[in-house]
Peer 1: 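Have a look at the structure that comes next, please.
These numbers come from the heavy atoms of this one structure, side chains and all, not from hydrogens, waters or symmetry mates. Start at 1 and go down the list; that is how both ligands and their atoms are numbered.
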Amino acid sequence: MALQKKGMHGSWASRWTFIMAATGSAVGLGNMWKFPYVAGSNGGGAFVLIYLLCILIIGVPVMMAEVLIGRQGRQSPINSVNDLVANSHINKAWLSIGWFGVIAGLLILSFYAVIAGWALKYIVLMATGDLQGVDGTSASSVFESVLADPIGLIFWQTVFLFFCVIVVMGGVKKGLGLAIEILMPILFVVIFLLFVFCLFNTNVLEAMKFLFSFDLSNLSGRSLLEAMGQAFFTLSIGMGAIMAYGAYMPQDASIGKTVLTVAFFDSLVAIISGIIIFSIVFSTSGLEPTAGPGLMFISLPIAFGNMTGGLLVGTLFFVLVSIAAWSSAISLLEPSVAWLMEEKNLGRVNANLLVVLVAWILGIGSVFSFNIWQNSMIFNFTFFDFLDFLTSNIMLPITGLLIAIFVGYVMSPKIINEQIGFKSSIKSIWMFLLKFIAPCAVSVVFVAGILDKFSNG
Ligand code: TRP
């Protein structure tokens, strides 16, 4: 059975397609919408420093471990882990890595599609000129009226999921691979154009000062946890997306180099998005960097609505965000789709529709969090905030921790050597980070963050 299953989904055309696909997965709403506002509400510089540190010493080693498990198993995350567990006669409890991942993926996809829907709606608002000349009050009221309309939100969430289905239906080469090869170059060109625009027209220096000058004293346990959660979220690790993509990776590509490349691109995009957003915020009077989730949807339209060429630049910006979200969401879909195909003998199309239907229904809960369920709280969170906190700050770190321990201590060194095959000095640094640093850091930050959360409400 296991042998038959090997590679049933096909593989990427080349190492480069894998890098682009993993970068596409990594670069998304996490970089453009979440990173700037989370950094903003946690005070900027110090948070950014911790975040980059988490990427380097926890994110990269764990991501390598994920790719390794995927490429070894060459199936959906659940079955890749299954095979490893069965073949090495280890405790069945390790299967939870695959399961946890697929569940987290579905939960993330459900709220991700809702936010991506906002971005789609904003393309239209921008392009039709509805946001031209807005000021603080009118931009906020546009955003509030977008959020207050559940039917509209469900419509855009549905449109977004529809786009994802189209891609994932095409399979690894003709769907995901092709989409990635078209979308990623567009994404990089657009972000570059926006950056150049900001360099000449806005307050880039102020933005850099906010992002890079740090005062460690205003970091709480909660912000450490958020920095780590953000590192997991932005790299797409801790839920099998990268494992699934790793399963389609050519055998001769180096895991270490590709993962470092992906992490580099991802951090670059987060920082550049931060610079773009904050430089616009700092050049427009009355805007605060601490605005929270509305930062991108309220502050930026004010700036775009009042600058020369703002209609075009603003529309381009939301196209960029939508493309980034799109190339990420397909990676949230793929693990469950691959699993349903392997286990339930469903065709790609049906598997896709089923997963998207579940995400769509759950997503309605997130849609309602912004209007009719606005005041219904789960532990002080709205349904949407609860899912976001549960996945980014709890599920992803726990699965990440399990993956680090699994590859660091449980998996046979022989398999690891076959898959990694790089210089022993680099391998020992990686193993050290995976065995000692990542588990300790994740545990400490996790406990500190939870204590902080519940002591301050
Ligand atoms: N990394 C994406 C972003 O930054 C989101 C994402 C895609 C993700 N796949 C994931 C997050 C898997 C966690 C796990 O927007």
Peer 1: Looking only at protein heavy atoms, identify the closest one to atom 14 (C) of ligand 1 and say how far it is in Å.
Peer 2: Met239 CG, 3.0 Å

Peer 1: With heavy atoms of Leu396 as the reference, note each atom of ligand 1 found under 4.0 Å away.
Peer 2: 13 (C)

Peer 1: Between atom CG of Leu235 and atom CD of Gln230, what is the distance when rounded to the nearest 0.5 Å?
Peer 2: 9.5 Å

Peer 1: Of the protein's non-hydrogen atoms, which lies at the shortest distance from atom 2 (C) of ligand 1, and what is that distance?
Peer 2: Ser25 O, 3.2 Å

Peer 1: What are the atoms of ligand 1, with element, lying closer than 4.0 Å to any heavy atom of Tyr112?
Peer 2: 2 (C), 3 (C), 5 (C), 15 (O)

Peer 1: Please confirm whether Leu29 comes within less than 3.5 Å of ligand 1 when only nitrogen or oxygen atoms on both sides are compared.
Peer 2: yes

Peer 1: Closest non-hydrogen protein atom to atom 11 (C) of ligand 1, residue and atom name please, with distance?
Peer 2: Phe233 O, 3.1 Å

Peer 1: Can you tell me if Gln75 and Ser80 form a side-chain donor-acceptor pair at under 3.5 Å?
Peer 2: no

Peer 1: Pick one: which of Tyr245, Trp339, Tyr248 meets side chain to side chain donor-acceptor pair (under 3.5 Å) with Glu334?
Peer 2: Tyr248

Peer 1: Quick check on contacts: which atoms of ligand 1 are under 4.0 angstrom from a heavy atom of Ser328?
Peer 2: 2 (C), 7 (C)

Peer 1: Could you list the residues that satisfy side chain to side chain donor-acceptor pair (under 3.5 Å) with Ser366, not counting sequence neighbours?
Peer 2: none

Peer 1: Checking the N or O distance criterion of under 3.5 Å, is ligand 1 in contact with Gly30?
Peer 2: yes

Peer 1: List the atom pairs, with distances to 0.1 Å, where a side-chain N or O of residues 34-61 and a protein N or O form a donor-acceptor pair under 3.5 Å, not counting sequence neighbours.
Peer 2:
residue: Lys34; atom: NZ; partner: Asp388; partner atom: OD1; Å: 3.0
residue: Lys34; atom: NZ; partner: Ser392; partner atom: OG; Å: 3.0
residue: Ser41; atom: OG; partner: Tyr37; partner atom: O; Å: 2.8
residue: Asn42; atom: ND2; partner: Val38; partner atom: O; Å: 2.9
residue: Asn42; atom: ND2; partner: Glu226; partner atom: OE1; Å: 3.2

Peer 1: Test of understanding: given a 4.0 Å heavy-atom threshold, classify the contact between Thr391 and ligand 1 as side chain, backbone, both, or neither.
Peer 2: neither

Peer 1: For atom 7 (C) of ligand 1, find the nearest protein heavy atom and state the residue, atom name and distance (0.1 Å precision).
Peer 2: Ser236 OG, 3.3 Å

Peer 1: Suppose we measure from atom 4 (O) of ligand 1 to each protein heavy atom; which comes out shortest, and what is that distance?
Peer 2: Ala26 O, 2.9 Å

Peer 1: Within a distance under 4.0 Å of any heavy atom of Thr234, pick out the atoms of ligand 1 and give their elements.
Peer 2: 1 (N), 4 (O)

Peer 1: Using a 4.5 Å cut-off on heavy atoms from C-beta on, say whether the side chain of Leu84 contacts that of Phe406.
Peer 2: yes

Peer 1: Under a plain distance cut-off of 3.5 Å, with no hydrogens placed, do Thr158 and Trp360 share a side-chain donor-acceptor pair?
Peer 2: yes

Peer 1: Going by atom types only, do Asn31 and Ser273 share a side-chain donor-acceptor pair under 3.5 Å?
Peer 2: no

Peer 1: Is a donor from one side chain sitting under 3.5 angstrom from an acceptor on the other, for Thr17 and Ser14?
Peer 2: yes

Peer 1: Counting heavy atoms only, which of Leu333, Ile108, Asn31, Ile242 is nearest atom 13 (C) of ligand 1?
Peer 2: Ile108

Peer 1: Any idea which atoms of ligand 1 are less than 4.0 Å away from a heavy-atom of Ser331?
Peer 2: 7 (C), 9 (N)

